[in-house]
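Encoded as structure tokens, the structure appears first; notes follow it.
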Amino acid sequence: MTPMDRYDTSQIEPKWQKAWDEADLFRAVRDERPKYYVLEMFPYPSGRIHIGHVRNYTMGDVIARYRSSCGFSVLHPMGWDAFGMPAENAAMASGGHPKDWTYSNIDTMRGQMKPLGLSIDWSREFATCDPEYYGQQQALFLDMLEAGLVYRKPAIVNWDPVDMTVLANEQVIDGKGWRSGAEVERRELVQWAFAISSMAEDLLDSLDRLEDWPEKVRLMQENWIGRSRGAQFSFEVETAPDGHGAIEVYTTRPDTIFGASFVGISPDHPLAKTLEAEDPDVASFCSRCRKLGTTAEAVEKAEKLGFDTGLRARLPGGFVEDLPVYIANFILMDYGTGAIFGCPAHDQRDHDFAVKYGLRIVEVMRPKGADRDDGIELPAILEAPFVPPKDELVEYIRPVAGPDQMTGQQAIDHAVSWFETVHRKSDNVDRQLGVGVTKYRLRDWGLSRQRYWGCPIPVVHCDTCGVVPEKKENLPIRLPDDVTFDVPGNPLDRHPTWRDVACPNCGAPAKRETDTMDTFVDSSWYFARFTAPRAETPTDLDDAAYWMNVDQYIGGIEHAILHLLYSRFFARAMVRTGHLPQGTEEPFDALFTQGMVTHPAYVTKGDKGQPVYHLPEDVDVSARKVAATGEAVDVIPAIKMSKSKKNVVDPMDIIARYGADTARWFVISDSPPERDFEWTPEGAEAVAKHLSRVHRLATDIARADRDANEHDAALEKATARAVHEVTEGIEGFGFNKAVAKLYEFTNAISKSDAGAEARRAAMRTLAQLMAPMTPHLAEEVWQMLDGEGFVMRAPWPKADPALLVDDTVTLPIQINGKKKAEIEVAKDADKATVEALVLDQPAVVKALDGGQPKKLIVVPGRIVNVVV
RNA sequence: GCGGGCGUGGUGGAACGGUAGACACAAGCGACUUAAAAUCGCUCGGGCUUGGCCCAUGCGGGUUCGACUCCCGCCGCCCGCACCA
């Protein structure tokens, strides 16, 4: 064997990467072809790429290269989601600067991505921490401010009283600051917010149009936006402090008002705050509630706690007994009015609460057909609440309005009308008790962050002029470089010269806003910036009109709600402020969410029983022992790769050992793309073997004596089927299935006894079909077999439909639904013919035992089922 | 806690409501070789009274001529929960 024959990736891959570069193949150009924009969620520059990145970008690259072969002008860009906390944490830990850390990480990761041979237009690359990017983001912010889409409002944050700094939710561990260990307090700050809830209705209704999004993502967004229809009304509180004579409540179950047994208000409710100031017991209860942290998760998981204020709430008209008013820790100030009434009989949380504080449990409805007994407290309802689905017909014992039997939804509708016009018999007047309202769970998006490494908010605070927007000609407002992280808190806040500026309006001394923007802002419009990454304005409308929308967006399911919702909001805001053309309000035509990459982890127990993880290379996997010590290890089959579990595989090692094509092929084979993918050393090894087998097969075929016989029926049929099925696999994001078909096709070529020309033709098609996945090997094979130009420039092959159908089909015969035999019939055999054949089958004759079949089901071309 | 998803051989997985296990990995056997590697070929869900029969798609029910697929209830794991990205 000469060196030329070997499948030497270290020679082949750089060679083709250089050739592609020199031909400038991946530059996205506007021309007469139809366009296709494929985008993978851009990475955070954490330091090194991991296999998850390889899988994500390989999927995008398969689509990009495939579409390019299909004649599209493809835009496939890459950038960096470069602002965020890790850079500041690194600066605090090792004294460097977030900027240096970030850009050096970007250099490293770009250097790691290039050997993968991705068809990316690198000329469009940017990082969100580039002043050229965030300056345009500041311009967007100013336009949104003018359009009324940004405003200031108070918001609650986690405050670390020792470090004197605001903490992110992930920095609060068990209610304590991660560095200081101090008990975290809630603090209210005035913050900037995007008016995303003003678009709630459109964001919800438009989900129906996103047909090429996963159903689960649309459902998650729908639930997140959370449209609810309910009633809003007031309880009167006679002995309340001044200004709190009424408690406004919102409920989605007004039909249960006659089962109310308490009124609950949030610890952050204005009434609670007033009482807190007067009563130390209330204050201590509220402060206890506030230690829970700010996440909804913490609040909902916590034990239900209440504090009886001693106040009594009265529903005007005297329809319900006066109720006690509790401050309760599970009521969120952000949702509805921050106050509710509790109906323990028909709500789990209210039930828990009532049991704990000995409140009445009054039944309103009952399963249909249950005994009608007017006992107020029945044993069953004391045990558990009755919470039927809203569309189930139930028996109302205490209907607010409407018939005795109705569904929950009908009862709610009746109850809403009742609240709007109650008729009181005693004085024979109609009065309005409340109103039917539609509310959304979606809250406005607080964007202020008390951190350095983010996009500065371009406003100035002036004593005389108030909040003054920066002038656009002053943008970008750059982050100062001369900052230190030796003390906690935001360095901008204590910067000697950056903070103090002249008011853009009156020129008097003023202070710059020192908060920066949430990094979700950066990632909410980068897809638009890629269409004109060097424009002097946020976007170029011509370029945006040509390239938008993103035809295929690919990323992790963890972004199903926030990132995608914020991007949908931003697209709308950009259309409204003239930065995107009409029709781009939904910026992502198709969305695909890929699974994680997992790897086995190897663990032993330390001397204190704590888990000790071992690197795969230190473990003798087949013997399940630590190689050096012989200690037995437990194998955890497949968990998410993480450094702490020592189960991380470095893509660079894989490329060095097997080449990029092996890494690319392996990450999309075997597992369906939407599911988690398990990296195994055996799997990678097997792929490398297969690819070198393809290379060897191509070499052999290229060498074979040429003959004139170009046609081979069997091979042509196999080729047509491969073209058809691989194309279908790629189009439907079934890369694992496409790969399986490529294995089959390779086997078919390898086993074929067809002439050299016929095999050359089949092999060229194989190269084309493999090109999106293993582009370097495909180019090499294509060249060996005299393919013209680059394989990725060759038009995608088409299957001859005539070769895809067989003349006969094999029909399985089931008896009572289980397969017992099969028959071979003509493709278009009629029912009578098939029936006759079936009844002749020995297995059928035996099963019938001389009798007649009860039923004979013939599904033409598919199956026969004999029911005996 | 709430919302969403997933669960099929020893392993990853395939299967318009229609032959469960395609295609691979691992394992075993064989060929080639002085030998090994590489390569090629064969076997490979479990059980049994093995020319055949029975049981099998997390568990328990249901719909259907027929269910991995649809419906209901559990169990386990994963994602998100608004300041991680």
(Q) Nearest to the side chain of A:Gln814, heavy atoms from C-beta on, is which of B:A20, B:C81, B:G13? (A) B:A20
Q. Counting only Watson-Crick or G-U wobble pairs whose two distances fall under 3.5 Å, which nucleotide matches B:U69?
A. none
Q: Determine the Euclidean distance between corresponding P atoms of B:G9 and B:A14; express it in Å to zero decimal places.
A: 13 Å
(Q) Between B:A35 and B:G30, how many Å separate the two P atoms, rounded to a whole number? (A) 14 Å
Q | A:Trp445 ring center within less than 6.0 Å of A:Tyr566 ring center | A | yes
Q) In the structure shown, which nucleotide is the Watson-Crick or G-U wobble counterpart of B:G1, with both distances under 3.5 Å? A) B:C81
Q: Mind checking A:His559 for me? I need base, sugar-phosphate or nothing, with any heavy atom below 4.0 Å counting as a touch.
A: base
(Q) By nearest atom, which of the nucleotides B:G18, B:G5, B:C83 is closest to the A:Ala168 side chain? (A) B:C83
Q: Quick one: label A:Arg693 by what it contacts on the DNA or RNA (base, sugar-phosphate, nothing), any heavy atom closer than 4.0 Å.
A: sugar-phosphate
(Q) Counting the atoms with a prime plus P, OP1 and OP2 as sugar-phosphate, which does A:Asn747 contact under 4.0 Å by heavy atoms, base, sugar-phosphate, or nothing? (A) sugar-phosphate
Q) Can you tell me how far P in B:C68 sits from the matching atom in B:C16, rounded to whole Å? A) 13 Å
Q) Below 4.0 angstrom, N of the basic side chain to O of the carboxylate: do A:Asp268 and A:Arg186 qualify? A) yes
Q: Give one of base, sugar-phosphate or nothing for A:Lys301, where a contact means two heavy atoms less than 4.0 Å apart.
A: base
Q) Given side chains that start at C-beta, do those of A:Leu742 and A:Met773 come closer than 4.5 Å, heavy atoms only? A) yes
Q. Does the B:C83 base have a donor-acceptor partner in the side chain of A:Asn169 within less than 3.5 Å?
A. no
Q. Between the base of B:C81 and the side chain of A:Glu297, is there a donor-acceptor distance below 3.5 Å?
A. yes
Q) Taking a pair as Watson-Crick or G-U wobble with both distances under 3.5 Å, which nucleotide is matched to B:C23? A) B:G12
Q) How far does the C1' atom of B:U64 sit from the matching atom of B:G17, given to the nearest Å? A) 9 Å
Q.
Heavy atoms only, 4.0 Å cut-off, all strands: where does A:Val867 land among base, sugar-phosphate and nothing?
A. sugar-phosphate
Q) When syn is taken as a glycosidic angle within 90 degrees of 0, is B:G45 syn or anti? A) anti
Q. Which is true for A:Lys737 with a 4.0 Å heavy-atom rule: it touches a base, it touches only sugar-phosphate, or it touches nothing?
A. sugar-phosphate
Q: For A:Lys304, answer base if it contacts any base atom (sugar-phosphate contacts may also be present), sugar-phosphate if it contacts only those atoms, and nothing otherwise; contact means non-hydrogen atoms under 4.0 Å.
A: nothing
**Q.** Span that lies between the P atom of B:G12 and that of B:A22, in whole angstrom
**A.** 15 Å
Q: Before giving the answer on side chain to side chain donor-acceptor pair (under 3.5 Å), spell out for A:Thr102 and A:Trp453 the whole-Å C-alpha distance, their side-chain angles and the decisive distance to 0.1 Å.
A: CA-CA 10 Å; A:Thr102 303; A:Trp453 194 232; 3.3 Å; yes
Q) On RNA chain B, nearest-nucleotide positions of A:Ser448 versus A:Leu219: which is more 5'? A) A:Leu219
Q | Closest listed nucleotide, where the reference is the side chain of A:Ala740 and the choices are B:A24, B:A82, B:A22 | A | B:A22
Q. Contact class for A:Glu215 (heavy atom, under 4.0 Å): base, sugar-phosphate, or nothing?
A. nothing
Q) B:G12, B:C23, B:A82: which one has an atom nearest the side-chain heavy atoms of A:Ser671? A) B:G12
Q. What nucleotide, of B:U39, B:C83, B:C65, holds the atom closest to the side chain of A:Val166?
A. B:C83
Q: Step by step, work out the salt bridge (charged side-chain N to carboxylate O under 4.0 Å, His left out) result for A:Arg721 and A:Glu744.
A: CA-CA 10 Å; A:Arg721 184 159 296 142; A:Glu744 276 178 16; over 6 Å; no
(Q) Apply side chain to side chain donor-acceptor pair (under 3.5 Å) to residues A:Tyr133 and A:Trp525 and explain how you reach the verdict. (A) CA-CA 10 Å; A:Tyr133 182 79; A:Trp525 71 286; 3.1 Å; yes
Q: Give one of base, sugar-phosphate or nothing for A:Lys741, where a contact means two heavy atoms less than 4.0 Å apart.
A: nothing
Q.
Pairing check on B:U39: which nucleotide meets the Watson-Crick or G-U wobble criteria with it, both distances under 3.5 Å?
A. B:A31
Q.
For a quick check of understanding: with a heavy-atom distance under 4.0 Å over all strands, which category does A:Glu822 fall into, base, sugar-phosphate or nothing?
A. base
Q: Could you go through the side chain to side chain donor-acceptor pair (under 3.5 Å) check for A:Asp160 and A:Ser180 one step at a time?
A: CA-CA 8 Å; A:Asp160 185 321; A:Ser180 69; 2.6 Å; yes
Q | Whole-Å gap separating P (B:A85) and OH (A:Tyr566) | A | 12 Å
Q: Confirm from the modelled atom types if A:Glu170 and B:C83 form a donor-acceptor pair under 3.5 Å, side chain to base only.
A: no
Q: Between B:C83, B:G80, B:A24, spot the one nearest the side chain of A:Glu558, thanks.
A: B:G80
Q: For this output row, return yes or no: ring centroids of A:Tyr553 and A:Phe527 closer than 6.0 angstrom.
A: no
Q.
Between B:G21 and B:U57, how far apart are the two P atoms, rounded to whole Å?
A. 14 Å
**Q.** A:Phe520 CZ - B:A85 C1' separation (whole Å)
**A.** 7 Å
(Q) Both A:Pro672 and A:Gly817 contact RNA chain B. Taking the nearest nucleotide for each, which residue is further toward the 5' end? (A) A:Pro672
Q. From B:A85, B:G41, B:A82, pick the nucleotide closest to the side chain of A:Leu442?
A. B:A82
(Q) By the 4.0 Å heavy-atom rule, please label A:Ala686 as base, sugar-phosphate, or nothing. (A) sugar-phosphate
Q) Within the structure shown, what part of the strands sits under 4.0 Å from A:Glu685 by heavy-atom distance: base, sugar-phosphate, or nothing? A) nothing
(Q) Rounding to an integer number of Å, can you tell me how far A:His690 NE2 sits from B:A26 P? (A) 14 Å
Q: Taking atom C1' in both B:C2 and B:G66, compute the distance separating them and give it to the nearest angstrom.
A: 38 Å
Q: Establish, yes or no, whether the cationic atom of A:Arg218 lies under 6.0 Å from the six-membered ring centre of A:Trp213 and within 45° of the ring axis.
A: no
Q. Do A:Glu822 and A:Thr810 have side-chain N/O donor and acceptor atoms under 3.5 Å apart?
A. no
Q. Who does B:G45 pair with, Watson-Crick or G-U, both distances under 3.5 Å?
A. B:C55
Q | Separation between the P atoms of B:A67 and B:A20, rounded to whole Å | A | 10 Å
**Q.** Of the listed nucleotides B:U39, B:C81, B:A26, the one nearest the side chain of A:Arg696
**A.** B:U39
Q | Out of B:C55, B:C65, B:A82, whichever nucleotide has its closest atom nearest the side chain of A:Lys818 | A | B:C55
Q) A:Gly446 near the nucleic acid: base, sugar-phosphate alone, or nothing, with a heavy-atom cut-off under 4.0 Å? A) sugar-phosphate
Q) Which listed nucleotide (B:A14, B:G18, B:A22) is nearest to the side chain of A:Glu744? A) B:A22
Q) What does B:U50 pair with, Watson-Crick or G-U, if both distances are under 3.5 Å? A) none
Q. What does A:Leu811 touch in the nucleic acid at a heavy-atom separation under 4.0 angstrom: a base, only the sugar-phosphate, or nothing?
A. nothing
Q: Report yes if a donor N or O on one partner sits less than 3.5 Å from an acceptor N or O on the other, where the partners are the side chain of A:Asn223 and the base of B:G3; otherwise report no.
A: no
